[in-house]
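Step one of this worksheet: look at the structure below.
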Amino acid sequence: MRVRFAPSPTGQLHIGGARTALYNWLLARKHGGTLVLRIEDTDPERSTPENVEQILDALRWLELDWDEGPISQVERAGRHREQIDRLLADGAAYEADGAVRLRVPDEGETVVSDVIRGDVNFPHSSIDDFVIARSDGSALYNLAVAVDDLDMGIDHVVRGEDHLSNTPRQVMILRALGAEPPIYAHLPLLHGPDGKKLSKRHGAASVQALRDAGYLPEAVRNYIALLGWGLDAETTFMTTEQLVQGFSLERVSRSPAVFDEQKLRWMNGRYLRDLASAELARRLEAHTGRSGLEAAAAVAQEKMQTLADFWPLAAFLVERQPIDEDAWNRVMKEGADEALREARSALAEVEPFALEPVEAALRGVVERLAVKPKQVFQPVRVAVSGSTISPGIFESVVALGREETLARVDDALARLSTIA
RNA sequence: GCCGCCAUCGUCCAGGGGACUAGGACGCCGCCCUCUCACGGCGGAAACGGGGGUUCGAAUCCCCCUGGCGGUACCA
């Protein structure tokens with residue numbers, strides 16, 4: 001089996017393109033086939049090394065590898081020209097107004113056999129003689145694809161449904177060249193939440209945007225695998241091995257799917273929480289460009305859905321943050337100073353400065369003061385984190401350490417007394 | 001216009017003649033848990049686009065309509 005994936009060198013790898021890449025990859029890996037990567041654009045202006053590299057980078061991030069390529073259609077212009085000349089010599093094509101057109105018979109039809117959609121018939125009466133080469137001699141997409149697929153021995157073509165209507169043209173070129181077409185599978189398109197074709201204005205529409213937004217590659221892979229395909233009624237989380245094992249083109253849906261970032265977020269959160277905290281820290285460090293995040297990562301892990309959630313939630317564990325004034329005003333009311341004083345002395349003495357003793361010490365304060373837990377914990381939270389929203393207060397205090405915690409509580413106390 | 005594809009909760013995925021009172025998940029709502037926010041647990045609302053057939057029986061098969069999408073380029 002030889003499968004090819006042919007992304008356009010637009011710079012960004014579209015999510016639909018990523019799904020196509022994934023399905024091609026799953027197909028090849030499942031059957032021990034060869035995956036050929038071709039950069040699909042006959043225009044050297046678009047097919048720049050920078051643009052190509054960005055696509056490859058996105059594929060690598062998704063951990064989708066390939067066996068041959070990347071091969072650029074631009075590099076194959078000579079071969080395309082040869083085959084155009086051959087079609088001309090055979091009489092299968094002719095020149096008109098400088099451009100080369102393929103002869104399409106008036107009668108009959110071309111049948112495209114599609115694994116997902118069955119046989120699709122295209123009557124020739126609705127297809128004109130179409131252009132295969134521009135007047136400057138350069139090949140057009142349909143010609144280039146057919147020639148490349150033939151030369152590379154491709155037997156499986158998995159691509160978006162937007163190519164279905166072009167397929168009979170490619171089949172006709174292939175037959176004119178004396179070859180039989182490969183097996184086709186046209187995937188349903190991906191739409192945005194508004195039902196329109198997914199694009200940049202739907203937010204994170206590219207793999208790069210997803211990466212920047214703090215999604216994990218394994219979560220993205222799992223999620224996009226489920227856009228147009230499902231193993232059964234229940235299974236949602238699948239490892240790459242399970243994906244490879246379970247995938248089948250025959251089970252791919254025929255109807256378009258909507259990319260739902262909320263579900264991706266949820267899934268990403270699940271993957272995030274399953275990470276060992278050292279691994280999470282490693283990824284956070286790569287994402288934020290900071291180091292020494294392990295303690296904070298462990299504390300914040302339960303609360304994050306994406307890597308980008310980390311900083312707003314846990315920055316106070318890494319460096320002191322300004323206090324949110326709304327939070328201060330809501331929490332630092334009567335009783336707050338007493339709670340803070342008590343908490344301070346309890347924390348000053350607790351030994352060792354670890355999770356259970358710290359929790360016991362702070363709960364002791366609640367008991368002694370005979371107040372509700374939040375009347376102690378919220379002032380401490382605001383003093384320490386600057387916000388009413390934070391990871392668990394005991395975990396946070398321990399991660400911060402005794403010295404830093406006491407310093408922040410002291411500052412809050414000082415501020416309270418100046419106001420009073 | 002012409003050609004083609006598609007049609008189950010708001011969304012994704014199941015179900016492909018009887019097991020359907022249509023299942024699971026996200027999201028939403030309520031309750032529980034709880035130091036905030038989350039996580040988690042429990043419960044709830046929520047769908048077979050319409051009309052004709054075929055059949056003892058249709059979400060499932062056929063036809064029509066409607067709707068959505070794609071193509072119809074010297075774009076890919």
Side-chain angles (χ1 to χ4, degrees), chain A residues 6-10 39-43 46-47 73 96-101 109 112 114 116-118 120-128 130-142 144-145 159-169 186 188-189 191 193 195-197 223-237 251 253-267 269-270 272-273 300-305 309 313 327 330-331 359 362-363 366 372-382 385 387-396:
Chain A
S8 296
T10 50
I39 301 303
E40 192 157 276
D41 204 314
T42 58
D43 183 354
R46 269 192 300 264
S47 198
Q73 289 198 324
D97 298 327
V100 180
R101 288 176 183 269
E109 60 184 14
V112 173
D114 188 288
I116 298 170
R117 287 152 215 285
V120 185
N121 303 341
F122 293 88
H124 291 157
S125 55
S126 63
I127 304 177
D128 293 331
F130 57 94
V131 177
I132 57 175
R134 301 180 180 91
S135 24
D136 68 0
S138 63
L140 245 29
Y141 167 73
N142 283 132
V145 167
R159 63 203 338 184
E161 197 205 319
D162 49 338
H163 288 281
L164 183 56
S165 297
N166 275 322
T167 307
R169 292 166 226 274
H186 287 94
L189 259 21
H191 290 176
K196 300 272 168 58
K197 193 174 170 178
Y223 176 71
I224 64 179
L226 264 23
L227 249 26
W229 174 83
L231 181 68
D232 54 35
E234 271 81 42
T235 309
T236 300
F237 290 92
R251 280 188 65 83
S253 151
R254 285 173 300 276
S255 49
V258 174
F259 175 74
D260 178 10
E261 195 174 343
Q262 282 192 125
K263 187 159 185 173
L264 207 212
R265 281 189 70 83
W266 165 78
M267 237 179 174
R270 289 280 301 258
L272 224 43
R273 266 169 263 125
Q301 185 160 19
E302 291 263 305
K303 316 277 177 184
M304 287 188 278
Q305 282 193 308
D309 290 344
L313 189 66
R330 258 178 288 129
V331 169
E359 174 164 1
L362 287 175
R363 290 200 187 277
V366 171
K372 289 181 181 163
K374 62 162 58 171
Q375 289 178 277
V376 172
F377 299 150
Q378 283 300 73
V380 173
R381 187 189 312 283
V382 170
S385 76
S387 165
T388 50
I389 299 170
S390 85
I393 192 64
F394 315 124
E395 292 85 348
S396 297

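The chains referred to below are lettered A, B, ... by the order of the sequence lines, with proteins before strands, and numbering in each begins at 1.
Of all heavy-atom pairs between A:Pro188 and A:Ser255, the closest is CB-O, 3.1 Å. Across every non-hydrogen atom of A:Asp41 and A:Gln73, the tightest pair is N-OE1, 3.6 Å. A pairwise comparison of heavy atoms in A:Ile116 and A:Ser253 identifies CG2-O, 3.9 Å as the closest pair.
Distance check on atom P: B:A58 versus B:G50 gives 15 Å, rounded to whole Å. Here, B:C20 and B:G15 have their P atoms 15 Å apart, quoted to the whole Å. Taking atom C1' in both B:U60 and B:G23, the straight-line distance is 15 Å, to the nearest Å. The separation of B:C12 from B:A45, taken at their P atoms, amounts to 22 Å, rounded to a whole angstrom. Comparing B:C48 with B:U21, their P atoms are spaced 15 Å from each other, to the whole Å. With P as the reference atom, B:C26 and B:U36 are 23 Å apart, rounded to whole Å. On the P atoms, B:C61 is 15 Å away from B:A14, given to the nearest whole Å. On the C1' atoms, B:C9 is 48 Å away from B:C74, given to the nearest whole Å.
Atom-to-atom distance recorded for A:Leu140:CG and A:Arg101:CZ is 10.0 Å, nearest 0.5 angstrom.
Looking at heavy-atom distances under 4.0 Å, A:Arg251 makes contact with sugar-phosphate atoms alone, never a base. The residue A:Ala99 sits close to a base: some heavy atom pair falls under 4.0 Å. Residue contacts shown for A:Arg265 are absent, as no nucleic acid heavy atom lies under 4.0 Å away. If you check every strand for non-hydrogen atoms under 4.0 Å, A:Asn121 touches sugar and phosphate atoms only. Residue contacts shown for A:Ser8 are limited to sugar-phosphate atoms, with no base heavy atom under 4.0 Å away. Note on A:Gly269: nothing from the nucleic acid sits closer than 4.0 angstrom, heavy atoms only. Note on A:Ser165: a base of the nucleic acid sits closer than 4.0 angstrom, heavy atoms only. Nucleic acid contact for A:Phe394: base, since at least one base atom lies under 4.0 Å from a heavy atom of the residue. Residue A:Pro188 is out of contact with every strand shown, counting any heavy-atom pair closer than 4.0 Å. Across all strands, A:Leu140 comes closer than 4.0 Å only to sugar-phosphate atoms, never to a base (heavy-atom distances).
Closest approach to the A:Lys374 side chain among B:C35, B:G4, B:A76 is made by B:C35 (side chain taken as heavy atoms from C-beta onward). Considering only the side chain of A:Gln378, B:C35 comes nearest among B:A76, B:C35, B:G71. Taking the side chain of A:Val131 as heavy atoms from C-beta on, and the options B:C74, B:A76, B:C2, the nearest nucleotide is B:C74. When the nucleotides B:C35, B:C75, B:C2 are ranked by their closest atom to the side chain of A:Arg134, B:C75 comes out on top. You'll find that the side chain of A:Ile389 is closest to B:U36, out of B:U36, B:G71, B:G40. Of all nucleotides listed (B:C12, B:C37, B:G71), B:C12 comes nearest to the side chain of A:Lys263.
Pair check for B:C69 finds B:G4; Watson-Crick or G-U wobble, both atom distances under 3.5 Å. Nucleotide B:G43 has B:C29 as its partner under the Watson-Crick or G-U criteria, with both atom distances under 3.5 Å. Applying the Watson-Crick and G-U wobble criteria (two distances, each under 3.5 Å), B:C48 pairs with nothing in any strand. Nucleotide B:G23 forms a Watson-Crick or G-U wobble pair with B:C13, both donor-acceptor distances falling under 3.5 Å. B:G18: Watson-Crick or G-U partner is B:C56, with both key distances under 3.5 Å.
For the pair A:Asp309 and A:Arg265, the salt-bridge criterion is met [side-chain N within less than 4.0 Å of a carboxylate O].
The aromatic rings of A:Trp266 and A:Phe237 sit tilted relative to each other, their planes meeting at an angle between 30° and 60°.
Look at CG on A:Asn142: it is 12 Å from P on B:G71, rounded to the nearest Å. Put simply, CD on A:Glu302 is 19 Å from P on B:C33, counting in whole angstrom units. Atom-to-atom, CG of A:Leu226 to C1' of B:C26 comes out at 11 Å; the value is rounded to the nearest Å. In this entry the distance linking CD of A:Glu234 with P of B:A22 reads 16 Å, nearest Å. The CZ atom of A:Phe122 sits 9 Å away from the C1' atom of B:G71 (whole-angstrom rounding). What separates OH of A:Tyr223 from C1' of B:C12 is a distance of 6 Å, to the nearest Å. Taking atom CG of A:Asp97 as the reference point, atom P of B:C74 lies 11 Å away to the nearest angstrom. Computed from coordinates, the A:Gln305 CD to B:C37 P distance equals 16 Å when rounded to whole Å.
Contact annotation: A:Arg159 side-chain N/O to B:A76 OP1/OP2 distance is not under 4.0 Å.
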Show each protein N/O and nucleotides 6-10 of chain B N/O combination with a separation under 3.5 Å, one pair to a line.
none

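Other residues, nucleotides and ligands contribute over 12 non-hydrogen atoms within 6.0 Å of the CG atom of A:Asp136.
Counting atom types as modelled, A:Asp43 pairs no side-chain N or O with a base atom of B:A76 as donor and acceptor under 3.5 Å.
With hydrogens and angles ignored, the 3.5 Å screen pairs no side-chain donor or acceptor of A:Arg46 with any backbone N or O of A:Pro9.
Between A:Lys303 and A:Leu164, the residue anchored nearer the 5' end of RNA chain B, judged by the nucleotide with its closest heavy atom, is A:Leu164. Nearer to the 5' terminus of RNA chain B, by closest-nucleotide assignment, is the contact made by A:Phe377 (compared with the other of A:Phe377 and A:Ala133).
Both stacking criteria are satisfied for A:His163 over the base of B:A76: a centre-to-centre distance under 5.5 angstrom and an angle between ring planes under 30 degrees.
Side-chain contact check for A:Phe377 versus A:Lys372: every heavy-atom pair is 4.5 Å or farther apart.
Screening A:Arg159, A:Arg254, A:Arg117, A:His163 for a side chain to side chain donor-acceptor pair (under 3.5 Å) involving A:His186 leaves a single residue, A:Arg159.
A side-chain N or O of A:Gln378 and one of A:Arg381 form a donor-acceptor pair less than 3.5 Å apart.
Glycosidic conformation at B:C31 (O4'-C1'-N9-C4 for purines, O4'-C1'-N1-C2 for pyrimidines): anti, more than 90° from 0.
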